[in-house]
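FYI, side chains are in, hydrogens and waters are out, and symmetry mates aren't considered; it's all heavy atoms of this structure. As the structure is a prediction and not an experimental result, all values here were calculated from the model.
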Amino acid sequence: MKIATWNVNSLAVRLPQLLSWLDTEKPDLVVLQETKLTDDKFPQAELSEAGWHAQWFGQRTYNGVALLSRGQAAEAVMRNIPGFDDEQARLIAGSAAGLRIVGAYFPNGQAPGSDKFAYKMRWLDALREWLREELEEHPKLVLLGDFNIAPADCDVHDPVLWAGQIHCTDEERTHFRALLGLGLHDAFRLFEQPPKLWSWWDYRNLAFRKNQGLRIDHILVSEALKPRVVACRIDKLPRKNERPSDHAPVIVELGG
DNA sequence: ATGGCCGGATCTTCCGGA
């Protein structure tokens, strides 16, 4: 069973690449971020034609998330964090294949001290408190998506340059550790990994060619699922496409 | 050559992203 997350940075632009990637990689469950599409524009027909069930939750210009599944449609689908009043479409959760899947596009935060940073902190508080309950109801849970947090200096191409910058602040990293404190595990770090492997590279400055990036897209698995994780990897290939997303997909493989 | 982007909404120019 393969579960993947990909920030596609506009599904309208990236749909052909997504369909091609799905055909190649053949995951079972996929969450997408930054679809940037209102719900009426979601490419349900194209995905259905390719054999995918889809649930989606979008808005104009920014944000937007989706949950794709093969075989059966996800059930008990939730959109955004219950009880957290939010105008932005950032989270979709659903049950499939005996798992609870929570796909999220965490706020960027822009800069420490900004209003957007304060919103990011509030959103993270609400996410954690909701997940605490969700984990009790659904012990087999996967939280995955674009976290917009580089958990540690080894997740940053130049930790000195990025020290204290957005994605790398102590406040954000404390929130990431608090999620782990719920009994979640960073699937990527369950394995020996090559150094300097990132999930995002800036479009500017030839960052991908120079491998200047951050690891900010993550897959967290619950305690009950940890023994089933057999692999976790970042797929850099789509970043080499013409007109790529600036993010790479991350894939976890579950056995059992 | 020491800087180089992208997508979306419009405004041929800006904002936000990370």
Side-chain angles (χ1 to χ4, degrees), chain A residues 5-18 21 31-43 56-66 86-91 103-121 123-124 127 144-176 188 196-219 234 236 238-250:
Chain A
T5 176
W6 194 7
N7 179 328
V8 293
N9 186 21
S10 171
L11 186 51
V13 172
R14 231 65 68 190
L15 180 62
Q17 292 181 45
L18 173 65
W21 184 79
V31 296
L32 305 175
Q33 302 89 41
E34 287 207 83
T35 58
K36 299 186 178 180
L37 292 173
T38 51
D39 288 342
D40 58 306
K41 302 259 175 49
F42 189 85
W56 58 92
F57 180 42
Q59 65 181 93
R60 200 180 74 136
T61 313
Y62 303 116
N63 310 315
V65 288
D86 199 346
E87 293 180 354
Q88 306 185 30
R90 294 191 171 275
L91 184 141
Y105 176 47
F106 290 41
N108 174 297
Q110 200 167 54
S114 67
D115 288 350
K116 288 174 182 173
F117 191 83
Y119 164 70
K120 183 174 194 171
M121 296 296 109
W123 191 93
L124 284 161
L127 175 71
L144 72 173
D146 176 358
F147 283 50
N148 273 318
I149 301 172
D153 280 354
C154 60
D155 301 308
V156 182
H157 74 93
D158 186 342
V160 174
L161 177 72
W162 281 87
Q165 303 291 317
I166 195 65
H167 311 308
C168 301
T169 64
D170 289 341
E171 294 97 318
E172 292 163 285
R173 288 176 170 179
T174 298
H175 270 291
F176 187 88
F188 187 78
K196 302 183 188 305
L197 190 44
W198 325 119
S199 69
W200 169 84
W201 300 259
D202 203 314
Y203 283 125
R204 295 167 291 190
N205 307 323
L206 299 176
F208 184 65
R209 197 192 300 184
K210 294 190 278 191
N211 197 32
Q212 297 175 345
L214 306 175
R215 191 177 72 96
I216 53 176
D217 300 84
H218 307 296
I219 301 179
I234 297 170
K236 285 176 73 168
R239 189 62 177 77
K240 300 177 180 175
N241 290 347
E242 294 277 328
R243 279 190 101 184
S245 169
D246 44 358
H247 292 256
V250 186

| Distance between the P atoms of dG3(B) and dG8(B), in whole angstroms? | 29 Å
| query | Does dG16(B) have OP1 or OP2 sitting under 4.0 Å from an N or O in the side chain of K36(A)? | reply | no
| remark: Taken to the nearest whole Å, NZ/K120(A) to P/dA18(B) is 9 Å
| query | Does a donor on one side chain sit under 3.5 Å from an acceptor on the other, for Y62(A) and N108(A)? | reply | no
| task | Could you state the atom-to-atom distance from CD of Q165(A) to P of dG17(B) in whole Å? | result | 16 Å
| task | When you get a sec, tell me which of dA18(B), dC5(B), dG16(B) is the closest nucleotide to the side chain of Y203(A)? | result | dC5(B)
| Are any non-hydrogen side-chain atoms of W201(A) and N211(A) less than 4.5 angstrom apart? | yes
| query | So, the side chain of E172(A) versus the backbone of T169(A): is there a donor-acceptor pair under 3.5 Å, distance only? | reply | yes
| remark: One should read off an interatomic distance between R14(A) CZ and W6(A) CH2, to the nearest 0.5 angstrom, of 8.0 Å
| Between dA1(B) and dC6(B) - C1' atom distance, rounded Å | 23 Å
| Protein-nucleotide distance (R204(A), atom CZ; dC15(B), atom P), rounded to Å | 14 Å
| query | Does N148(A) make a side-chain N or O approach to OP1 or OP2 of dA18(B) shorter than 4.0 Å? | reply | yes
| request: Please check if the side chain of D202(A) supplies one atom and the backbone of R204(A) the other of a donor-acceptor pair under 3.5 Å. | output: yes
| message | I'd like the C1' distance from dT10(B) over to dC15(B), given in whole Å. | response | 12 Å
| field | Short side-chain N/O contact to dC5(B) OP1/OP2 from R239(A), under 4.0 Å | value | no
| R14(A) side chain N/O closer than 4.0 Å to the phosphate oxygens (OP1, OP2) of dG7(B)? | yes
| message | Measuring to OP1 and OP2 of dG17(B), would you say a side-chain N or O of H247(A) lies under 4.0 angstrom away? | response | no
| message | With nearest nucleotide decided by heavy atoms, which residue, I216(A) or R243(A), maps closer to the 5′ end of DNA chain B? | response | R243(A)
| D246(A) CG - dG8(B) P separation (whole Å) | 12 Å
| field | Atom-to-atom span, CZ of R215(A) to C1' of dA18(B) - whole angstrom | value | 16 Å
| Between dA18(B), dG8(B), dC6(B), which nucleotide gets closest to the side-chain atoms of T61(A)? | dG8(B)
| query | Looking only at side-chain N and O atoms, does Y105(A) come under 4.0 Å of OP1 or OP2 in dA18(B)? | reply | yes
| task | Grab the CZ-P distance between F106(A) and dA18(B) for me, whole Å please. | result | 13 Å
| query | When the P atoms of dA18(B) and dG7(B) are considered, how many whole Å apart are they? | reply | 14 Å
| message | Distance check needed: dA18(B) P versus I149(A) CD1, whole Å only. | response | 13 Å
| said: Is the phosphate of dG7(B) approached by N9(A) (side-chain N or O, under 4.0 Å from OP1 or OP2)? | reply: no
| Rounded distance in Å - CZ (R60(A)) to C1' (dG16(B)) | 14 Å
| Check: N241(A) side chain, R243(A) main-chain N or O, donor-acceptor pair, under 3.5 Å | no
| said: Let me confirm one number: the CD-CG distance from Q212(A) to L161(A), rounded to the nearest 0.5 Å. | reply: 8.5 Å
| request: Examine dG17(B): is either OP1 or OP2 under 4.0 Å from a nitrogen or oxygen in the side chain of N63(A)? Give yes or no. | output: no
| task | Give one of base, sugar-phosphate or nothing for I166(A), where a contact means two heavy atoms less than 4.0 Å apart. | result | nothing
| OP1, OP2 of dG8(B) versus side-chain N and O of S10(A): anything below 4.0 Å? | yes
| Residue closer to the 5' end of DNA chain B, W162(A) versus K210(A) (nearest nucleotide) | K210(A)
| said: Heavy atoms only, 4.0 Å cut-off, all strands: where does D146(A) land among base, sugar-phosphate and nothing? | reply: sugar-phosphate
